[in-house]
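Here's the structure, in C-alpha cells; my notes come after.
On a predicted model such as this, the values are computed, not experimentally measured, just so you know. Both backbone and side-chain heavy atoms feed into the values below; hydrogens, waters and symmetry mates do not.
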Amino acid sequence: MSSTAQGSSVGIPTPDGTADAYLTHPAGGGPYPAVLLYMDAFGLRPHLKAMADGLAAAGHVVLVPNVFYRHGKAPVVQLPEFIDLARRPEIVQSILPIMEKLTPDRAMRDAAAYLDWLAASPLTARKPVGVTGYCMGAGLALRTAGTYPDRIAAAAGFHGAHLATDAPDSPHLLADRITAELYFGHADEDAANPAEQIDRLDRALSAAGVRHRGEIYAGAQHGYTQADTSSHSEEATERHWTALLDLFSRTL
C-alpha cells in the first residue's frame with residue numbers, strides 16, 4: 001500500500017469519557033469518504049495504524065478508535081513487537097475480561113460518537129461512511145451497520161468472531177435493519193467463526209435481502225491480516241485489500 005497519508009492522535013468524546021483514536025487521511029484538503037476501522041482484540045497499535053494509512057492512501061479519511069478506552073489509553077495491554085504462538089494464549093487471557101465489559105449497548109453508544117465525530121470533521125464528505133473490522137471488530141462492524149443503517153453505506157469484516165451465535169444479542173439478528181452492502185472474508189477452520197455460524201449469517205442476510213458476499217479464505221488462520229502476529233498470511237491479506245477497496249470504491 002502507498003504511504004502518502006497523514007496520521008495523528010485524536011480524542012473522541014463519548015457518553016462515558018474520551019476515546020483515544022488514530023486519524024489518518026490523504027495528503028490533501030479533501031473532503032474524502034470516511035471509514036471507521038474497528039480494531040482486533042490486540043488493540044490500537046502500530047500495525048493497525050499502518051493498515052489505516054493504507055486505506056487513507058487509497059483516498060479515505062480513516063478513524064481507528066481504541067474501543068477499550070474505558071480501561072485506559074492504548075496500549076491497554078502491553079504487547080510484544082511480534083505476537084507468536086507461545087505468547088498468544090497469555091495475552092488473550094489478559095484481554096478477555098476487557099472484551100467482556102464492552103457490551104453491545106456500550107459499543108453502540110460509542111459507535112454513535114465515532115460517527116458523529118467523523119461527520120463533523122471538515123475532512124469528510126457529507127454522506128454515509130464505510131466500516132471495516134477485524135476479529136472482534138468484524139462483529140462491531142456488523143452491529144454498527146444494523147444499529148445505524150442510515151449512516152453506513154458499506155461494512156466489511158475479516159477473520160470475524162462470533163458473528164452469528166445462539167445468543168439473543170448476536171449481531172446477525174440485526175440483519176433486517178441493514179441497508180449497507182456487506183463483505184466478509186472468513187478465516188478457514190476458525191474456531192471463533194465455525195461453518196455453522198458462517199451459514200447462519202449468510203442465511204440471515206439473504207432472508208433480509210441484504211446485499212452481501214462472504215468468502216472463506218482457504219488456509220488462512222484467524223488473524224490472517226495482522227502482520228505482527230504468527231497468524232499472518234500475506235496472500236490472504238492482499239486478497240482482503242482487493243475485496244475491501246473494491247467494496248469501498250463502489251459504495252462510498
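- No side-chain heavy atom of Leu142 sits under 4.5 Å from any side-chain heavy atom of Leu140.
- Salt bridge status for Arg45 with Asp228: present, with a side-chain N to carboxylate O gap under 4.0 Å.
- Taking hydrophobic clusters as Ile, Leu, Val, Met, Phe, Trp and Tyr residues chained together by side-chain heavy-atom distances below 4.5 Å, Leu247 does not share a cluster with Ile178.
- Ion pairing of Asp199 with Arg203 is present here, as a side-chain N (NZ or NE/NH1/NH2) and a carboxylate O approach within less than 4.0 Å.
- Sorted by first and then second residue, the pairs that involve residues 168-212 and meet ring-ring contact (aromatic ring centres under 6.0 Å, His included), not counting sequence neighbours, are Phe158-Tyr183, Phe184-His186.
- The shortest non-hydrogen separation linking Tyr38 to Ala111 is OH-CB, 3.4 Å.
- Nearest heavy atoms, Pro149 versus Arg177: CB-O, 3.0 Å.
- With Asp188 contributing its side chain and Ala218 its backbone, the two residues share no donor-acceptor pair below 3.5 Å.
- In this structure, the side chains of Gln226 and Ser231 stay at 4.5 Å or more apart for every pair of heavy atoms.
- Interatomic distance, OG1 of Thr242 versus CG of Leu244, reported as 9.5 Å (0.5 Å rounding).
- Grouping the Ile, Leu, Val, Met, Phe, Trp and Tyr side chains by contacts below 4.5 angstrom, directly or via other members, places Val92 with Met99.
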Given the rule in the side-chain contact (heavy atoms from CB on, under 4.5 Å) test, do Leu205 and Leu182 qualify, once you have shown the distances and angles that lead to the verdict? CA-CA 9 Å; Leu205 295 173; Leu182 306 185; 3.8 Å; yes
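- In this structure, the side chain of Thr124 engages the main chain of Leu118 through a donor-acceptor pair within 3.5 Å.
- In this structure, His159 has its ring center closer than 6.0 angstrom to the ring center of Tyr224.
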Taking it one step at a time, do Arg213 and Asp202 satisfy salt bridge (charged side-chain N to carboxylate O under 4.0 Å, His left out)? CA-CA 8 Å; Arg213 183 160 59 102; Asp202 183 69; over 6 Å; no
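- Annotation for Asp169 and Pro104: closest pair OD2-CG, 3.5 Å, computed over non-hydrogen atoms.
- In the displayed structure, Glu189 atom CD is contacted under 6.0 Å by at most 12 heavy atoms of other residues, nucleotides or ligands.
- Under the rule for a side chain to side chain contact (heavy atoms under 4.5 Å, CB included), the partners of Arg239 that lie at least two apart in sequence or sit in another chain are Glu215, Tyr217.
- When side chains are defined from C-beta on, Val35 counts as touching Leu252, because their heavy atoms get closer than 4.5 Å.
- Donor-acceptor pairing under 3.5 Å is lacking for the side chains of Thr14 and Tyr114.
- Contact detail for Pro31 and Ala125: the closest heavy-atom pair is CB-N, 3.7 Å.
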Please assess Asp84 against Arg88 for the test salt bridge (charged side-chain N to carboxylate O under 4.0 Å, His left out), listing each intermediate value before the final yes or no. CA-CA 6 Å; Asp84 59 21; Arg88 189 183 188 99; over 6 Å; no
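- Electrostatic pairing of Asp166 and Arg200 counts as a salt bridge here, judged by a charged N lying under 4.0 Å from a carboxylate O.
- Of the inter-residue distances, the one linking Asp16 atom CG with Arg106 atom CZ reads 6.5 Å to the nearest 0.5 angstrom.
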After noting the C-alpha distance and the side-chain angles of Leu102 and Val67, does the key distance pass the side-chain contact (heavy atoms from CB on, under 4.5 Å) rule? CA-CA 8 Å; Leu102 185 64; Val67 303; 3.9 Å; yes
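- Around the CD atom of Glu234, the shell of radius 6.0 Å holds more than 12 heavy atoms that belong to other residues, nucleotides or ligands.
- Between Leu115 and Ile152, the closest side-chain pair of non-hydrogen atoms falls below 4.5 Å.
- Closest approach of Ala156 to Ala141, counting heavy atoms only: O-CB, 3.7 Å.
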Check step by step if side-chain contact (heavy atoms from CB on, under 4.5 Å) holds for Asp190 and Ile198. CA-CA 10 Å; Asp190 186 349; Ile198 293 173; over 6 Å; no
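- For the pair Arg87 and Glu90, the minimum side-chain heavy-atom distance is below 4.5 Å.
- A pairwise comparison of heavy atoms in Pro13 and Ala113 identifies O-CB, 3.4 Å as the closest pair.
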Dump the intermediate steps for side-chain contact (heavy atoms from CB on, under 4.5 Å) on Tyr22 and Leu37, then the final yes or no. CA-CA 10 Å; Tyr22 180 67; Leu37 191 158; over 6 Å; no
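- In this structure, the separation between CE on Met51 and CG on Asp40 is 8.5 Å, given to the nearest 0.5 Å.
- How far CG of Leu55 is from CG of Leu245: 6.0 Å, rounded to the nearest 0.5 Å.
- Residues Met108 and Thr144 have side chains in contact (heavy-atom distance under 4.5 Å, counting atoms from C-beta outward).
- Checked against side chain to side chain contact (heavy atoms under 4.5 Å, CB included), Thr237 has the following partners two or more places apart in sequence or in another chain: Thr225, His232, His240, Trp241.
- For Arg151 (side chain) and Val129 (main-chain N/O), no donor-acceptor pair under 3.5 Å exists by modelled atom type.
- In this structure, His47 contributes its side chain and Ala227 its backbone to a donor-acceptor pair below 3.5 Å.
- Note that CG of Leu201 and CG of Leu163 are 6.0 Å apart. Values are rounded to the nearest 0.5 Å.
- Residues Phe68 and Met39 have side chains in contact (heavy-atom distance under 4.5 Å, counting atoms from C-beta outward).
- Note that OG1 of Thr147 and CG of Leu174 are 5.0 Å apart. Values are rounded to the nearest 0.5 Å.
- With a 4.5 Å cut-off on side-chain heavy atoms, Thr165 and Ser170 count as touching.
- Under a 4.0 Å N-O distance rule, the pair Lys49/Asp53 does not qualify as a salt bridge.
- The cluster map of Ile, Leu, Val, Met, Phe, Trp and Tyr, joined by side-chain heavy atoms under 4.5 Å apart, puts Met136 and Leu96 in the same cluster.
- A side-chain N or O of Asp110 and one of Tyr69 form a donor-acceptor pair less than 3.5 Å apart.
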